[in-house]
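Any value given below was found using the heavy atoms of this structure, including those in side chains, with hydrogens, waters and symmetry copies removed. This structure is a prediction, so every number in the text was calculated from the model and none was measured. The sequence lines fix the lettering, A, B, ..., with proteins before strands; numbering per chain opens at 1.
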Amino acid sequence: MEEIPQDPTRYDHNQIELKWHERWNNDPNLYKAAADSTRPKYYVLEMLPYPSGSLHIGHLRNYAIGDALARYMWMKGYNVLHPMGWDAFGLPAENAAIKNGRQPYEWTKANIAEMKRQHRRMGFSYDWDLEITTCEPEYYRWNQWFFLKMLERGLAYRKNALVNWCPECGTVLANEQVVDGCCWRHETTQVEQRSLEQWFLKITAYADELLRAIDEKLEGHWPDRVLSMQRNWIGKSVGSEIDFKLENTGEPIRVFTTRVDTIYGATCVILAPEHPLTAKLLDEAGRARAKQMIDSRASKGPGDIDKDGHFTGHYAINPYSGEKVPIWIGNFVLMGYGTGAIMAVPAHDERDFEFCTTYGIPIRPVIRPVNGALDENPKAALTEDGVVERSGEFSGLPSAEARARMNKKAESESFGKAAVTYRIKDWGISRQRYWGTPIPVIHCPKDGVVPVPEKDLPVILPVDVQLTGKGRSPLADVASFVNVKCPKCGGDARRESDTMDTFVDSSWYFYRYCDPKNSQAPFDSKKIAYWFPIDQYIGGVEHAILHLIYSRFFTKVMRDIGVISNDEPAARLFTQGMVIKDGAKMSKNKGNVVSADEMIDRFGADTGRVFELFAAPPEKDMDWTDAGAEGSYRFLSRVFRFVVRNAGRRPEGDPLADRRALRKLHQTIRKVTEDFDNRWHFNTSIAALMELINTLYEEEAGLSGGALHQILPSLALLLGPFAPYLAEELWEQLGHQGPVFRQPWPTYDETLAKEDAADIVLQVNGKVRGRLSVPFGTPEDQLKKLALADPKVQPSIEGKQVVKVIVVPDKLVNIVVK
RNA sequence: GCGGAUAUGGCGGAAUUGGCAGACGCGCUAGAUUCAGGUUCUAGUUCUCGCAAGGGAGUGGAGGUUCAAGUCCUCUUAUCCGCACCA
């Protein structure tokens, strides 16, 4: 197509952006952090993407926020580290491979190339020399290395366990990947429970520290909702474990309770249907009932299960009272929490109350309110602490005191102890799939599980593998991979064919950015000591419990291994809101995706960035609308035209117009600076820039060359973090050299930013009746006099008694009348 | 049920410290520019009574504190998110 000559004052985003894109691309050192710098460091990081194929505008928000911050911090004089990489292992590659007959490696690399092109086209300020790709052996060998270190320390272990199985994925899922009983990737596919030999990482060993550090290190620096989700997920409860004894054999049945003070009110013991003891206690009919409970629980979503119970015909002895109570099984008792067995105290627990009422089990109150009597016939459970009654030697004690003494007794008589239970469970990392990090162990018939020696790392994932998507790892059928010699005895052995959960890859990737090409170690610890913790981590809230808890765990393990010295990966976390289009989150399924390319062609990268930052504060969801994006385009056009047509203006002008324009400029610098430093409300920063340009349009005719000489370069610099292409173009057109983001951030002058006169609001009984323009610092009694005499105020106070006059200097006078 | 958040014009949002509610943008209305459409520029745009000047109401709802409340307190409703029979 013939090139149409453009009006030189038209903002041609394509021409400007392609010109600078070209220049920036040819400068590989543009965004490089200084190796050893005297300047303070700043590590800004956006969560690394999964290379799904191509970027859409929903992805861009995360990067636009991080990029604005990185550029601002550069301008503020920091040594900035701003890297990007690819979370490249995972199921979609494998599924795409099966569907299209392409190898996952090839598919993934092609996607990365495409998305990287889009990233560069957006002009994000990454140092691509630090790029990491988790599916490359140079990266995943260190996954394997960390795994071996954990194995040495007993933090990685293998056990046969009931695990979550997604029939659609054909693999095991971590607890964190099960959402409402369904697979996180297949929202309508019920997760099944299967019993398999699996590798686990012992995150529970760090449960307490993970929880404590939330209060001690993260509170106030990470979003509340993320911390609250993590607290919930770790789910600490402090209580007691107590053995009831089976009536005939004396075999202990251990229960967990947070309310041992109510134990004299226990009227039965209830086992989870999966509890190992049920096989022994139940007859055939009972076992069928247990199985039925398990199955019906699996087929229903959470929360809507009716309580179901079955008497085993057996009894247990309460170790405190010596009382004999029936043993039931109940569908609401969870095998995975506590000990899988509870004592039911219907008088003081709502669930037990419901269960025992249904099955006619006695209800025995043993707690009275501190200032009340024991309710003999409770209509509902009294769940608050109170005073313990009818409890032998403990009667009359407050609940807390009773718990302490009861624990002591249990311990001294060896039938129980104080205990803490966590909801979080160890992290199951085995996946029966191909496209992931091979787990570096060998199964030897003689020596059992033998770790691959460190010198043999990496265990390379073979390419060109026949993929089936069936329920076992395709690697199991690759003879050259699985058939190995045992490192210990040299005999024939079999390599582990499961691969690691991809969340292992992303649990420590941000460390690797600091030293991505190191072939001797995961990284040089000295470099980590300089850069860590991450000063600002930015990503979606959907990672609140998966990635963000795993990576905290990894950091603590790495610290204990001795390779790093920080306790937490990120000093500050920011979770941006989603991009909404037509009322829904942008996704391929909904068909409301706007591709980054399409957006750039139409509006330009700068407009896209500005609009995503302007439409809502960054932590809130934002609506993408084309009309809104056009508004941002208009704003950038106005800036462009103003700068271009005023760049070479005459010296003379109207001093008053200059004064007004310069005042607005300094107010704008102050506003934008404060937004960056305090609260990141870039929507108001951009609104301030729009106000500035509106003022400049109003004053344009009167502005002197001298004033413009100050205003125009500042305007280009202020625009730098939000619209880097346009800023760079204007900077050059104004005759300046060097990248905008390497220039010092403009400073503001409070005197210049100050208004000429104070605008005093005059109120009568809190209602605005007039206003007054007076010099700043006008004394209170003067203001009072002026206000009372004001012609706008007069009618409202005439004939009334002035009770009081409130004066807020330089701001307001409120006259109270009767 | 527990935990976290949110509620302001036709729409997205602003009001950072209790002090002029509605900045900025979208949309809309009018006018100018343009052959026309688009673009651009100018003016207007919370609701309501009024020709106007001007008045009244107004930040999910109900109370309260205060000279003054979107902002603080109590209660309440709705929506969103997370967890959910966690003993």
- Task: For B/U65, give its Watson-Crick or G-U wobble partner with both distances under 3.5 Å, or none.
- Result: none
Give me, pair by pair, the N or O atoms of the protein and of nucleotides 62-66 of chain B that are less than 3.5 Å apart, along with how far apart they are.
none

- Item | Rounded distance (Å) that lies between atom P of B/C85 and atom CG of A/D352 | 14 Å
- From CZ of A/F682 across to P of B/A14 the rounded distance in Å is 14 Å
Return all side-chain donor-acceptor pairs below 3.5 angstrom for residues 540-548 of chain A, not counting sequence neighbours, or 'none' if the list is empty.
{"from": "A/H547", "atom 1": "ND1", "to": "A/S506", "atom 2": "O", "distance (Å)": "3.3"}
{"from": "A/H547", "atom 1": "NE2", "to": "A/Y537", "atom 2": "OH", "distance (Å)": "2.7"}

- Query: Of all residues at least two apart in sequence or in a different chain, which pass the ring-ring contact (aromatic ring centres under 6.0 Å, His included) check with A/F776?
  - Reply: none
- Item | Gap between atoms CD1 and P, on A/I580 and B/C80 respectively (whole Å) | 13 Å
- Task: Using a 4.0 Å heavy-atom cut-off across all strands, classify A/V816 as base, sugar-phosphate, or nothing.
- Result: sugar-phosphate
- Item | Value in whole Å for how far the P atom of B/C2 lies from CE of A/M229 | 19 Å
- Note on the structure: Taken in chain and number order and not counting sequence neighbours, the residues that satisfy ring-ring contact (aromatic ring centres under 6.0 Å, His included) with A/F614 are none
What pairs of donor and acceptor atoms, side-chain ones from residues 687-696 of chain A against any protein atom, are under 3.5 angstrom apart with sequence neighbours left out?
{"from": "A/E691", "atom 1": "OE1", "to": "A/K664", "atom 2": "NZ", "distance (Å)": "2.9"}
{"from": "A/N694", "atom 1": "OD1", "to": "A/R638", "atom 2": "NH2", "distance (Å)": "2.9"}
{"from": "A/N694", "atom 1": "ND2", "to": "A/M690", "atom 2": "O", "distance (Å)": "3.4"}
{"from": "A/T695", "atom 1": "OG1", "to": "A/E691", "atom 2": "O", "distance (Å)": "3.1"}

- Note on the structure: Judged by whether its glycosidic angle lies within 90° of 0, B/G58 is anti
- Under 3.5 Å on both distances, the Watson-Crick or G-U partner of B/G22: none
- Between B/A87, B/C83, B/C20, spot the one nearest the side chain of A/I545, thanks. B/C83
- Check: A/G416 main-chain N/O paired with A/E241 side-chain donor or acceptor under 3.5 Å: no
Mind listing the N/O atom pairs, protein and nucleotides 5-11 of chain B, below 3.5 Å?
none

- Below 4.0 angstrom from OP1 or OP2 of B/C20, is there any side-chain N or O of A/K792? no
- Rounded to the nearest 0.5 Å, what separation is found between the CZ atom of A/F635 and the CZ atom of A/F611? 14.0 Å
- Message: Using a 4.0 Å heavy-atom cut-off, does A/Y697 contact any base of the nucleic acid, only the sugar-phosphate backbone, or nothing at all?
- Response: sugar-phosphate
- Query: Within this structure, what is the NZ-to-P distance between A/K307 and B/G1, rounded to whole angstrom?
  - Reply: 14 Å
- Taking CD from A/E619 and C1' from B/G13, how many angstroms apart are they, rounded to a whole number? 12 Å
- Note on the structure: Contacts satisfying side chain to side chain donor-acceptor pair (under 3.5 Å) that involve residues 261-274 of chain A (not counting sequence neighbours) are A/R259-A/D261, A/D261-A/S399, A/D261-A/R403, A/E274-A/R297
- Using a heavy-atom cut-off of under 4.0 Å over every strand shown, decide if A/P617 touches base, sugar-phosphate, or nothing. sugar-phosphate
- Message: Under the rule for ring-ring contact (aromatic ring centres under 6.0 Å, His included), what residues qualify as partners of A/Y748, not counting sequence neighbours?
- Response: none
- Message: What's A/R423 touching, base or sugar-phosphate or nothing? Going by heavy atoms closer than 4.0 Å.
- Response: base
- Item | Any N/O donor-acceptor pair, A/N232 side-chain to B/C83 base, under 3.5 Å | no
- Note on the structure: Its contact letters, B for base, S for sugar-phosphate only and - for none at protein heavy atoms under 4.0 Å, make nucleotides 21-37 of chain B read --BBSSS----------
- For B/G3, give its Watson-Crick or G-U wobble partner with both distances under 3.5 Å, or none. B/C81
- Message: For the P atoms, the ones on B/G61 and on B/U40, what distance do you get once it is rounded to whole angstrom?
- Response: 38 Å
- As its Watson-Crick or G-U partner within any shown strand, both distances under 3.5 Å, B/C51 has none
- Note on the structure: Sorted by chain and number, sequence neighbours left out, side chain to side chain contact (heavy atoms under 4.5 Å, CB included) with A/E350 holds for A/A381, A/T383
- Query: Who does B/U71 pair with, Watson-Crick or G-U, both distances under 3.5 Å?
  - Reply: none
- Message: Going by ring-ring contact (aromatic ring centres under 6.0 Å, His included), name the residues that satisfy it together with A/F574, two or more places apart in sequence or in a different chain.
- Response: A/W680
- Select from A/G338 and A/K671 the residue whose nearest nucleotide in RNA chain B is closer to the 5' end of that strand. A/K671
- Query: Can you tell me the Watson-Crick or wobble partner of B/G44, both distances under 3.5 angstrom?
  - Reply: B/C28
- Message: Looking only at side-chain N and O atoms, does A/D426 offer a donor or acceptor that is under 3.5 Å from a partner on A/T204?
- Response: yes
- Task: Quickly work out the A/M622 CE to B/G13 P distance and round it to whole Å.
- Result: 9 Å
- Item | Within residues 798-818 of chain A or reaching into it, pairs that qualify as salt bridge (charged side-chain N to carboxylate O under 4.0 Å, His left out) - sequence neighbours excluded | none
- Item | Whole angstrom value for the distance that separates C1' of B/G18 from NZ of A/K811 | 10 Å
- So among A/I242, A/D243, A/L271, which one has a side chain to side chain contact (heavy atoms under 4.5 Å, CB included) with A/I253? A/L271
